Amino acid sequence: MGKEKLLLLDGNSLAYRAFFALPLLTNDSGIHTNAVYGFTTMLQKILEEEKPTKMLVAFDAGKTTFRHESFEEYKGGRQKTPPELSEQFPYLRKLIDAYQIKRYEKELYEADDIIGTLAKEASAKDMDVIVVSGDKDLTQLATEQVTVYITRKGMTDIEKYTPAHIEEKYGLTPLQIIDMKGLMGDTSDNIPGVPGIGEKTAIKLLKEYGSVEALYEQIADMKQSKMKEKLLDNEEQAKLSKKLATIFTEAPIEISLDDLNYPGPNEEELLNVWQELSFKSLIEKSDFQMEEKETAELKFDITENVTEDMLQDVMAVHVELENEHYHSCQILGFGFTDGVKTFFVPFEAVHQNEAIKKWLEDETKKKYMSDSKAAQAILKRIDINLHGVVFDMLLASYIANPAISGDDVATLSKEFGYTDVQANETIYGKGAKWTVPEIHVLAEHVCRKAFAIWSLQPVLEVKLKENEQFNLYHDLELPLASILGSMESEGIKVNISTLKQMGEELEQKISALEKEIYELAGENFNINSPKQLGVILFEKLGLPVVKKTKTGYSTAADVLEKLQSEHTIVKYILDYRQLAKLQSTYIEGLIKEVHSEDSKVHTRFQQALTATGRLSSTDPNLQNIPIRLEEGRKIRQAFVPSEKDWVLFAADYSQIELRVLAHMSQDENLVDAFKQGMDIHTRTAMDVFHVPAEEVTSNMRRAAKAVNFGIVYGISDYGLSQSLDITRKEASEFIDKYLQSFPGVKDYMDNIVQEAKLKGYVTTILNRRRYLPDITSRNFNLRSFAERTAMNTPIQGSAADIIKKAMIDMDARLKEEGLKSKLLLQVHDELIFEAPKEEIEILERIVPEVMEHAIELAVPLKVDFSYGSTWYDAK
DNA sequence: GGCGTCACG
DNA sequence: ACGTACGTGACGCCC
């Protein structure tokens with residue numbers, strides 16, 4: 001057996017060092033990780049280079065140490081540990097445990113003393129010893145057998161202190177380092193030393209006299225000087241300082257060298273901890289990743305004959321799809337598990353199986369799923385009405401943290417430390433290489449998903465309850481998923497011939513504009529290419545450059561609008577752009593999405609995507625159909641009811657975000673304005689410009705409206721100046737005036753940013769959370785962004801909470817009243833229904849009633865509504 | 001696949 | 001001194 005090598009780490013000092021050396025990184029849940037990360041990279045490097053046989057990380061035990069007996073002020077005046085660092089210590093301990101390295105701390109002693117004691121003991125047994133710290137004081141421990149590693153900037157840069165290195169650097173022996181500190185003191189530990197003596201003088205004196213004691217023995221012979229006076233005045237203090245700086249190498253520790261054997265890391269545990277900390281680069285680099293990836297064995301069957309007795313009262317079930325387009329793709333198979341028996345059923349077998357259909361439709365048979373909305377929608381296509389979903393992993397994860405990206409079971413599971421599911425890409429390949437594997441591979445993959453959902457259900461339930469978010473998840477998002485699924489499956493009818501006709505008319509106008517533009521440019525070019533357009537406008541025609549992008553000249557609409565007076569081509573380009581957008585996105589794009597079987601579009605509402613709690617809509621996006629400009633608005637004429645003598649009925653919240661702001665800020669002025677039912681922008685203009693209502697001009701109202709928008713977005717003078725095309729100074733004055741008129745809003749904004757800094761997240765009315773790790777960033781940009789987000793998210797998110805609740809209430813109400821009317825779309829602050837004419841009167845009564853009372857605020861909610869034979873006419 | 005642009009709330 | 005309005009999705013271009 002070779003020589004033993006002992007590695008002793010100074011836990012506290014290394015954590016502090018790493019914390020201040022690295023930017024404030026965070027994991028996906030918003031916990032700061034920079035100290036743990038720096039510690040880990042340092043450790044990885046040293047482990048690789050040194051291959052120790054024994055290891056220990058020593059920590060300081062508490063506030064007081066034996067040193068305080070002789071000097072009360074020891075380490076006094078220290079800043080208290082920043083909370084961003086404190087929160088990392090539990091993770092640091094977890095990490096060390098995963099490495100299977102011993103940790104130790106001892107009441108009344110510092111990490112230094114534990115390290116000194118063990119270093120001495122190990123030296124006596126002829127071991128090689130390496131001490132690692134961020135604190136140079138420990139260099140006093142260096143001997144022929146003990147090398148002291150001090151980390152420098154970046155943590156992996158290490159300076160190795162041997163006696164020879166210390167001699168070279170200071171001209172002193174390691175033990176004289178203590179004398180040096182006795183003379184010069186140490187501000188960080190509040191060790192006084194001799195005032196006026198710094199490093200240079202201390203070294204000079206020690207070279208001459210050898211030690212503090214020898215110096216004072218011979219001080220009588222020293223020739224008179226200011227320095228001599230200072231030394232004489234502070235003799236006691238110098239001696240005390242030396243004592244304080246001396247590492248105690250005979251601490252009464254209970255741990256022995258035999259306890260310190262280092263077996264190497266528990267790779268599984270370590271990966272879990274890294275996973276939790278989001279150390280993605282380390283996970284990728286780790287060479288044990290491959291072995292670890294080997295998942296635990298899962299026993300499962302493949303069965304075509306499912307009988308009733310196999311389907312339990314509570315099961316996880318996963319419906320495996322070809323891709324995310326569940327309104328058109330195929331089902332590949334089903335995975336079922338109750339934690340004991342796990343089995344795969346191919347699609348064909350389910351299709352024909354009455355027992356499975358009955359079980360899936362049975363409300364009392366409880367299902368744990370992930371993305372139950374997708375399952376509901378695709379099952380509907382084969383005439384199965386899914387019921388009894390009591391857990392949806394996708395939604396639970398989203399509520400726990402909306403920043404979790406990815407909607408497949410493998411990705412979600414990993415977020416919560418469960419790694420026994422393969423990525424879809426691994427099983428199917430991607431792009432052109434996508435292919436369904438042989439049935440055993442497919443079956444195992446799907447079964448593993450079901451098992452993951454089964455395993456994580458209790459984990460997520462506990463987490464949501466801890467965060468007081470279980471109700472939000474269970475009573476809001478979960479029932480909403482089913483409602484959204486029905487809305488998607490129902491779809492909305494599109495009149496293709498209307499679209500085609502509009503397309504033809506557009507085509508004419510577009511080619512006419514094209515001709516004009518080529519004429520004025522003097523050449524043909526691709527108008528759709530910002531690059532080519534930039535060359536024409538700013539080089540060939542010599543128009544002034546207003547704004548640049550990363551890649552060249554900006555040709556955005558706000559820029560072109562400023563250039564209109566410079567050249568007639570500009571207006572043509574603006575018109576061309578507008579029409580080209582309509583043609584490509586809303587005519588051609590929409591036609592591609594219409595299902596031929598029913599002439600309907602079936603959007604997919606993404607329920608677990610946005611950072612704020614809003615929905616989004618894809619394929620097609622029905623939340624951004626044009627309305628602001630008449631030409632575009634006409635697109636809405638193509639959206640029609642699915643049955644004859646029905647109408648489209650639209651109801652929207654008026655100023656919901658400002659009402660939410662009034663509620664949350666409790667600003668008296670704003671609350672009052674809404675209670676009186678005033679036009680909020682006019683009211684804002686009155687307050688900001690100090691004029692009565694009748695003197696508010698349209699320009700004043702426009703400015704006030706922009707300020708109101710800005711307030712909701714987390715205002716900045718720059719942003720407001722851009723939107724109103726005024727100077728920053730003017731914008732800043734507007735904002736000041738606004739905040740003077742609405743002091744409650746100012747307090748709210750200040751407080752919400754403070755709260756975000758303290759907690760690391762902000763919340764909505766229904767306790768939806770958004771983590772804001774950048775809120776403490778030292779990067780101005782990142783921090784400012786996070787601050788604006790802290791102001792905006794509770795507003796936008798609470799508005800989302802309200803309309804989601806309204807959808808649930810509305811769904812119940814339609815059923816209660818036995819109406820045929822159907823909810824089809826949600827567009828952030830409005831709901832769109834289709835309804836038989838004879839139900840219009842009822843909707844006019846119940847829709848506003850339900851929406852206005854979805855959640856009671858300190859101000860009334862107001863809903864406007866209308867209906868017509870097309871979406872365009874519902875205005 | 002990233003970027004610029006533009007549609008919506 | 002920093003360089004921004006908040007939240008989305010789809011299109012065409014270009015590498």
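Scope of the values below: all heavy atoms of this structure, side chains included, with no hydrogens, waters or symmetry mates. Bear in mind the structure is a predicted one, so any value in this text is a computation, not a measurement.
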Note to self: Under 4.0 Å, counting only non-hydrogen atoms across every strand here, what does A:F785 touch: a base, just sugar-phosphate, or nothing?
What the structure shows: sugar-phosphate
Note to self: Let's see if you can work this out: which of B:dA7, B:dG9, B:dC6 has an atom nearest to the side-chain heavy atoms of A:P626?
What the structure shows: B:dA7
Note to self: Once you apply a heavy-atom cut-off of 4.0 Å, does A:N779 come out as touching a base, just sugar-phosphate, or nothing?
What the structure shows: nothing
Check: With a cut-off of 6.0 Å (strictly less than), are more than 12 heavy atoms of other residues, nucleotides or ligands near NZ of A:K705?
Finding: no
Note to self: According to ring pair (Phe, Tyr, Trp, His ring centres under 6.0 Å), who are the partners of A:F649, at least two apart in sequence or on a separate chain?
What the structure shows: A:F865
Notebook entry, point to check: Is there a donor and acceptor pair closer than 3.5 Å between the side chain of A:K550 and the base of B:dC3?
Noted result: no
Next item on the list: Report the stems of DNA chain C as range-with-range entries sorted by first number; a stem here is at least three consecutive pairs, Watson-Crick or G-U wobble, both distances under 3.5 Å, and write none if there are none.
Entry: B:1-9 with C:6-14
Please report, to 0.1 Å, the donor-acceptor pairs under 3.5 Å made by any side chain of residues 500-516 of chain A, with sequence neighbours excluded.
{"unit_1": "A:E507", "atom_1": "OE1", "unit_2": "A:Q583", "atom_2": "NE2", "d": "3.0"}
{"unit_1": "A:S511", "atom_1": "OG", "unit_2": "A:E507", "atom_2": "O", "d": "3.2"}
{"unit_1": "A:S511", "atom_1": "OG", "unit_2": "A:Q508", "atom_2": "O", "d": "3.1"}

Checklist line | Residue list, ring pair (Phe, Tyr, Trp, His ring centres under 6.0 Å) with A:Y653, at least two apart or on another chain | finding: none
Item checked: Results of ring pair (Phe, Tyr, Trp, His ring centres under 6.0 Å) for A:Y428 - residues two or more places apart only -> A:W434, A:H445
Check: For A:R728 and A:Y718, does a side-chain donor sit closer than 3.5 Å to a side-chain acceptor?
Finding: no
Next item on the list: For A:S328, enumerate each residue passing the side-chain hydrogen bond (donor to acceptor under 3.5 Å, both in side chains) test, keeping only those at least two apart in sequence or located in another chain.
Entry: none
Margin query: If you assign each of A:Y713 and A:K531 to its closest nucleotide in DNA chain C, which residue comes earlier from the 5' end?
Written below: A:Y713
Margin query: Students often get this wrong, so: under 4.0 angstrom with heavy atoms, is A:L582 touching a base, only sugar-phosphate, or nothing?
Written below: nothing
Next item on the list: Please work out if A:R778 contacts a base, only the sugar-phosphate, or nothing of the nucleic acid, heavy-atom cut-off 4.0 Å.
Entry: nothing
Margin query: For a quick test of reading the model: is some side-chain N or O of A:R628 closer than 4.0 Å to OP1 or OP2 of B:dC8?
Written below: yes
Margin query: Using a strict threshold of under 4.0 Å (side-chain N to carboxylate O), is an ion pair present between A:K600 and A:E490?
Written below: yes
Check: Who pairs with A:F689 by ring pair (Phe, Tyr, Trp, His ring centres under 6.0 Å), at least two apart in sequence or on another chain?
Finding: A:F734
Next item on the list: Report which part of the nucleic acid A:N621 touches: base, sugar-phosphate, or nothing (heavy-atom distance under 4.0 Å, all strands).
Entry: sugar-phosphate
Notebook entry, point to check: When you check the gap from the basic side-chain N to the acidic O, do A:D864 and A:K862 get nearer than 4.0 Å?
Noted result: yes
Check: Within 45° of the axis and under 6.0 Å from the centre of the six-membered ring of A:F785, does NZ or CZ of A:R783 qualify?
Finding: no
Note to self: Below 4.0 Å from chain A heavy atoms, what is the first contacting nucleotide of DNA chain C and what is the last?
What the structure shows: C:dC2 to C:dC15
Check: Under 4.0 Å between a side-chain N or O of A:S554 and OP1 or OP2 of B:dG4?
Finding: no
Margin query: Under 4.0 Å, counting only non-hydrogen atoms across every strand here, what does A:T793 touch: a base, just sugar-phosphate, or nothing?
Written below: nothing
Only pairs under 3.5 Å count here: list side-chain donor-acceptor contacts from residues 655-663 of chain A, not counting sequence neighbours, and write none if there are none.
{"unit_1": "A:Q655", "atom_1": "NE2", "unit_2": "A:H681", "atom_2": "NE2", "d": "3.4"}
{"unit_1": "A:R659", "atom_1": "NE", "unit_2": "A:S654", "atom_2": "O", "d": "2.8"}
{"unit_1": "A:R659", "atom_1": "NH1", "unit_2": "A:P860", "atom_2": "O", "d": "2.8"}
{"unit_1": "A:H663", "atom_1": "ND1", "unit_2": "A:A858", "atom_2": "N", "d": "2.8"}

Margin query: Under 4.0 Å, counting only non-hydrogen atoms across every strand here, what does A:V712 touch: a base, just sugar-phosphate, or nothing?
Written below: nothing
Item checked: Close residues, residues 600-616 of chain A, relative to DNA chain C [heavy-atom separation under 4.0 Å] -> A:L609, A:T610, A:A611, A:T612, A:R614, A:S616
Check: Base, sugar-phosphate, or nothing: which does A:G710 touch, judged by heavy atoms less than 4.0 Å apart?
Finding: base
Check: Which whole-number value in Å describes the distance from A:N526 CG to B:dT5 P?
Finding: 14 Å
Item checked: Check: A:L472 main-chain N/O paired with A:E477 side-chain donor or acceptor under 3.5 Å -> no
Margin query: Base, sugar-phosphate or nothing for A:A786? Non-hydrogen atoms, less than 4.0 Å.
Written below: nothing
Check: Which part of the nucleic acid, if any, lies within contact of A:T549, taking any heavy atom under 4.0 Å across all strands shown: a base, the sugar-phosphate backbone alone, or nothing?
Finding: sugar-phosphate
Item checked: Main-chain N/O of A:I399 paired to A:R768 side chain as donor or acceptor, under 3.5 Å -> no
Next item on the list: Scan for salt bridge (charged side-chain N to carboxylate O under 4.0 Å, His left out) pairs involving residues 729-753 of chain A, sequence neighbours excluded, and state none if there are none.
Entry: A:K729-A:E733, A:K746-A:D750
Next item on the list: Report which part of the nucleic acid A:Q532 touches: base, sugar-phosphate, or nothing (heavy-atom distance under 4.0 Å, all strands).
Entry: sugar-phosphate
Notebook entry, point to check: Which residues within residues 735-742 of chain A lie with some heavy atom under 4.0 Å of an atom in DNA chain C?
Noted result: none
Next item on the list: Report which part of the nucleic acid A:A580 touches: base, sugar-phosphate, or nothing (heavy-atom distance under 4.0 Å, all strands).
Entry: nothing
